[in-house]
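Presented below is the structure to which this report refers.
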Amino acid sequence: MTSSAQSETADIRVRSVSIDHERLVVELQDGRAIAAPIVWYPRLRNATPEQRANWEISGAGYGIHWPDVDEDLSTEGLLRGAPAPGWNR
């Protein structure tokens with residue numbers, strides 16, 4: 001016997017994105033929100049507010065693309081807590 005909670009699947013597609021001077025927040029279709037430090041993503045950290053606001057959903061809903069700064073992130077990577085390649089503490 002399965003419970004209703006077990007039969008529901010998480011929907012990790014992107015619903016919305018917001019960025020401030022400290023963090024990136026991605027809201028998912030299933031209601032969860034992922035927050036990560038903006039310093040993990042140097043291209044976004046160095047972007048203007050206008051460039052940060054110009055994002056689009058990609059990868060069938062599982063990714064985010066910022067065309068002005070050529071940045072791409074996936075919800076899977078964000079859920080793993082993966083910073084941008086080459087990011088140094």
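Values reported hereafter were calculated over all heavy atoms of this structure, with side chains retained and with hydrogens, waters and symmetry mates removed.
Within the 4.5 Å cutoff, the side chain of H65 has no heavy atoms near those of the I57 side chain. A 4.5 Å side-chain heavy-atom check between D70 and D72 finds at least one atom pair inside the cut-off.
Counting only distance, with no hydrogens or angles, the side chain of R52 and the backbone of L44 share a donor-acceptor pair below 3.5 Å.
Not counting sequence neighbours, Q29 has no partner by the side chain to side chain donor-acceptor pair (under 3.5 Å) test. Taking the salt bridge (charged side-chain N to carboxylate O under 4.0 Å, His left out) definition, one finds that D68 meets it with nothing, sequence neighbours left out. Qualifying side chain to side chain contact (heavy atoms under 4.5 Å, CB included) partners for A33, counting only residues two or more places apart in sequence or in other chains: V25, E27. I34 pairs by the side chain to side chain contact (heavy atoms under 4.5 Å, CB included) definition with L28, L78, L79, not counting sequence neighbours. Residues satisfying the salt bridge (charged side-chain N to carboxylate O under 4.0 Å, His left out) criterion with D30, sequence neighbours excluded, are R32. With sequence neighbours excluded, no residue forms a side chain to side chain donor-acceptor pair (under 3.5 Å) with R43. Under the side chain to side chain contact (heavy atoms under 4.5 Å, CB included) criterion, E22 pairs with D20, not counting sequence neighbours. Residues meeting the side chain to side chain donor-acceptor pair (under 3.5 Å) test with E71, sequence neighbours left out: none. With sequence neighbours excluded, no residue forms a side chain to side chain donor-acceptor pair (under 3.5 Å) with N46. Take R23 and apply the salt bridge (charged side-chain N to carboxylate O under 4.0 Å, His left out) test, not counting sequence neighbours, and it matches no residue.
Residue pairs that meet the salt bridge (charged side-chain N to carboxylate O under 4.0 Å, His left out) test with at least one member in residues 56-65, sequence neighbours left out, do not exist here.
Between atom CD1 of residue I19 and atom CH2 of residue W66 there is a gap of 5.0 Å, rounded to the nearest 0.5 Å.
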Check against side chain to side chain contact (heavy atoms under 4.5 Å, CB included), V39 and Y41: CA-CA 5 Å; V39 298; Y41 310 104; over 6 Å; no
Side chain to side chain contact (heavy atoms under 4.5 Å, CB included) assessment of L73 paired with W40: CA-CA 11 Å; L73 300 176; W40 283 10; over 6 Å; no
